[in-house]
Amino acid sequence: MDQSGFTKNRRSRRSPVLLSASIELSGEKIAVKLRNLSEDGALIEADQLPEEGSATWFERKDLRRRGRVVWVHGRYAGVAFEQPLDREQVLRNIPQTRLKSQPEFRRPGLACRPLTEYERRMLERWMTASPVGRIGE
């Protein structure tokens with residue numbers, strides 16, 4: 001879901017993620033995907049979502065926050081927290097970005113083992129072979 005038009009009216013910066021979470025509605029837990037998280041709320045995704053205006057508990061690992069569903073659109077819903085999160089709580093629930101490992105390109109080293117008798121004969125034949133099999137070819 002594209003939210004590029006909504007960013008101008010946000011009270012706090014949203015951090016895009018794709019994590020598992022859950023919301024609790026009337027004692028029933030519903031598994032959701034957490035799409036973004038901020039100090040004031042979260043964007044969730046699920047097949048079955050509560051109705052707009054429903055009071056819920058949002059849970060992600062050790063984070064548990066009371067909130068309400070402020071909007072629902074298809075598989076997505078916005079949850080506003082009653083009490084804002086501290087910036088540290090938001091960052092604790094957002095995994096660190098992993099740096100992509102850079103491959104190291106190196107020339108292969110030369111083997112320091114002596115040639116076998118077979119390898120030595122093959123090398124001698126190759127070095128003495130004519131580049132042309134027969135005259136005129």
Verdict with supporting geometry, Trp71 and Leu43, side chain to side chain contact (heavy atoms under 4.5 Å, CB included)
CA-CA 10 Å; Trp71 60 266; Leu43 171 65; 3.4 Å; yes
Less than 4.5 Å apart, any side-chain heavy atom of Phe58 and any of Val69?
no
Can you find a pair of side-chain heavy atoms, one from Leu85 and one from Leu37, that are under 4.5 Å apart?
yes
Is a side-chain N or O of Thr128 found less than 3.5 angstrom from the main chain of Glu124, in a donor-acceptor match?
yes
With hydrophobic residues grouped by side-chain heavy-atom distances under 4.5 Å, do Ile23 and Phe81 end up in a single group?
yes
Would you call Arg35 and Val17 a side-chain contact if the rule is heavy atoms closer than 4.5 Å?
no
Are the side chain of Arg65 and the backbone of Glu59 linked by a donor-acceptor contact shorter than 3.5 Å?
no
Tell me whether Met122 is reachable from Leu115 by hopping between hydrophobic residues (I, L, V, M, F, W, Y) whose side-chain heavy atoms are closer than 4.5 Å.
no
Hphob cluster co-occupancy, Leu25 + Val72, side-chain heavy atoms under 4.5 angstrom:
no
Check whether any side-chain N or O of Ser38 sits under 3.5 Å from a backbone N or O of Asp40 as a donor-acceptor pair, and report yes or no.
yes
Taking side chain as C-beta onward, heavy atoms only, is Ser22 less than 4.5 Å from Arg60?
no
Provide the closest heavy-atom pair for Ala21 versus Leu34 in the form atom of the first, atom of the second, distance.
CB-CB, 4.2 Å
Trp57 reachable from Leu63 in the ILVMFWY side-chain graph, under 4.5 Å edges:
no
Report the C-alpha separation of Lys33 and Ile44 in whole Å, then their side-chain angles, then the decisive distance to 0.1 Å, and conclude whether the side chain to side chain contact (heavy atoms under 4.5 Å, CB included) test is met.
CA-CA 6 Å; Lys33 292 179 188 173; Ile44 59 173; over 6 Å; no
Closest non-hydrogen atom pair, Ala80 against Val70:
CB-CG1, 3.6 Å
Separation between CD (Gln83) and CD (Glu39), nearest 0.5 Å, reads 13.0 Å
Using 4.0 Å as the upper bound for N to carboxylate O, is an ion pair formed by Glu24 and Arg64?
yes
Mind listing the closest non-hydrogen atom pair of Val32 and Ala46 along with its distance?
CG1-CB, 3.7 Å
